[in-house]
Number of protein chains: 2
Amino acid sequence: MTVLQNIKLAVDAVVFGYTSKEGLSVLLIKRKVAPFEKTWALPGGLVRDHESLEEAVERELKEETGISINYLEQLYTFGQPQRDPRNRVVSVAYYGLVKPDAFEIKANTDASDAAWFNVENLPPLAFDHRDILQQAIKRLQGKIIYEPIGFELLDKRFPFSELEKLYQTVLGRPLDRRNFKKKILKFGFLEETTEKQQLEGAGRPGNLYQFNEKKYFQLKKEGINFEL
Amino acid sequence: MTVLQNIKLAVDAVVFGYTSKEGLSVLLIKRKVAPFEKTWALPGGLVRDHESLEEAVERELKEETGISINYLEQLYTFGQPQRDPRNRVVSVAYYGLVKPDAFEIKANTDASDAAWFNVENLPPLAFDHRDILQQAIKRLQGKIIYEPIGFELLDKRFPFSELEKLYQTVLGRPLDRRNFKKKILKFGFLEETTEKQQLEGAGRPGNLYQFNEKKYFQLKKEGINFEL
DNA sequence: CCAAAAGTGTTGGTAGTACACCCATGA
DNA sequence: TCATGGGTGTACTACCAACACTTTTGG
């Protein structure tokens, strides 16, 4: 009754980056081997025997894209028998967020076969990676409205309008500027600094804000919960 | 650089049942082999080469407990290297819901090594199954307030008070009877039947209600979303 | 007639939404 | 001085929470 199992275990990562200019982007690599040679794919690969799944994701990201990530969460495990045309490969997908500096650096390193793509304008993808990506976007949209993970996509200090644009981009709908600001500030984990925004072009520069993570966790323990 | 991978892939299932008498319960099996021989554990086992993860869960549930399930959803994948003391086993955990008839039948089949336990009163569990179970309960609590999956734990027809008690049990807090009923009925996917509840003991019998799944999906498509 | 469970409506508070004008800066 | 983006307050509405008495049935 015992059957030898011949299933491989992989991890894949959907890494999101954001700038107000380029919108919401995702990190892809160009495959060098069959199957799907020269097709764009999510970074990822087989898990090693003695590493945790998170370690595997972080290792693969470093190997394939040179990037290191500051927010990582398990998304879903994809296990349809035919998702890889050769062997049975089950993949645990993660999604992660990087801050604009990491994003900008790699966006310009065009010698590599890693590149950022706007989520509205994706190339054909290998395997079932399109499904994985769709699901990651849905999860991000769902999560960003009840946990303040949006800050992981912004610089440490940012003008308030950046946060607002980020939410509008991710959620795909316009938000009222005044109501949004009231709602966010009400929670009390955003600090206004005295530093002013460097505006390119005209316009009145605004103050920069920063997310106070400690205050957030403290407030959360006291039973305050972020929502929209 | 290519390394032979020696990781086994399993599935585990957290199956919930509910009756107002016995509260929220979970289905466990007593292990017959080492490690953790004679310890209670979640039903589950290794995935076969050509079956999907969902098929594996359903097969294991049938083999080990004789139960078949009517709601099943992936929970999380547990992959810490040391979670199984012998080999590396990564487990994709699912959670499922069964209706009271299935629940009652197996609860009385005490010859088997499968049994139901109230979630407030669990035995020691094998592996990291306690963590998995905790996470499943949290997920159920989170999900039941924005998707009407509670009906999967009730008979096809049920008195309104059953639904109310279920929510109070799962969420662990009292709910106002009138407000709860207003809120639920407002959505329009619950149908009142003319049939009356069979009350054991005294009390005024109430009408039975049933969930209209078609109406629910239709309403959902039109953009109505259930919440609390 | 007593105990148990079900049925039912109103009111007050609060949080959310809609909405428009002025200010600071660079070109 | 014009164009661009930032900053700010109020009024209305709609939803939610709190709350108690009456009815039907079994014992």
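None of these values were measured; they are calculated from a predicted model.
The shortest side-chain heavy-atom distance between A:K38 and A:R31 does not fall under the 4.5 Å cut-off. Looking only at side-chain heavy atoms (C-beta outward), A:E162 and A:Y18 come within less than 4.5 Å of each other.
B:N207 comes within 4.0 angstrom of the backbone, heavy atoms only, and of no base.
Regarding B:E162, its CD atom lies at a distance of 12 Å from the C1' atom of C:dA5, rounded to whole Å. A:Y209 places its OH atom 11 Å from the P atom of D:dG6, with the value rounded to the nearest Å. Between the CD atom of A:E192 and the P atom of D:dG6 there is a distance of 14 Å, rounded to whole Å. Between B:L228 atom CG and D:dA17 atom C1' there is a gap of 12 Å when expressed in whole angstrom units. When the P atom of D:dC16 is taken as reference, atom CZ of B:R178 falls 17 Å away, rounded to whole Å. Nucleotide C:dT17 holds its P atom 9 Å from the CZ atom of A:R173, rounded to whole Å. Counting to the nearest Å, the P atom of C:dT14 and the NZ atom of A:K183 are 18 Å from each other. To the nearest angstrom, P of D:dG6 lies 12 Å from CG of A:L208.
Judged by closest nucleotide on DNA chain D, A:G206 is the one of A:G206 and B:E227 placed further toward the 5' end. Both A:G201 and A:D176 lie near DNA chain C, and the one whose nearest nucleotide falls closer to the 5' end is A:D176. Annotation: of the two residues near DNA chain C, B:N179 and B:E164, the 5′-most nearest-nucleotide partner is B:E164. Sequence order on DNA chain D of the closest nucleotides to B:K186 and A:K165 puts A:K165 first from the 5' end.
Screening B:F217, B:F158, B:F151 against B:F211 for a ring pair (Phe, Tyr, Trp, His ring centres under 6.0 Å) leaves a single residue, B:F151. Of the residues listed (A:L27, A:I69, A:I137, A:V98), the one engaging A:F16 in a side chain to side chain contact (heavy atoms under 4.5 Å, CB included) is A:I137, and it is the only one.
Between D:dG7, C:dG9, D:dG9, one nucleotide has an atom nearer to the side chain of A:F160 than all others, and that is D:dG7. Side-chain proximity of B:L199 to C:dA5, D:dT25, D:dC19: nearest is C:dA5. Listed candidates were D:dT10, D:dG26, D:dT8. Nearest to the side chain of A:K182 is D:dT10. Picking from D:dG9, D:dT24, C:dT25 the nucleotide with the shortest atom distance to the side chain of B:R204 gives D:dT24. Among D:dG6, C:dT8, D:dT4, the nucleotide with an atom closest to any side-chain atom of A:R177 is D:dG6. Nearest to the side-chain atoms of A:Q197 among the listed nucleotides D:dC19, D:dG6, C:dG26 stands D:dG6.
Here A:K196 does not reach the OP1 or OP2 of D:dG6: none of its side-chain N or O atoms lies under 4.0 Å away. For the OP1/OP2 pair of C:dG7 and a distance below 4.0 Å, the side-chain nitrogens and oxygens of B:K181 include at least one atom meeting the criterion. In this model, the phosphate group of D:dG6 is approached by a side-chain N or O of A:S161 to a distance below 4.0 Å at OP1 or OP2.
The pair A:R59-A:E55 does not count as a salt bridge, with every side-chain nitrogen at least 4.0 angstrom from each carboxylate oxygen.
A:K181 forms a cation-pi arrangement with A:F160, by the criterion of a distance under 6.0 Å to the ring centre and an angle within 45° of the ring axis.
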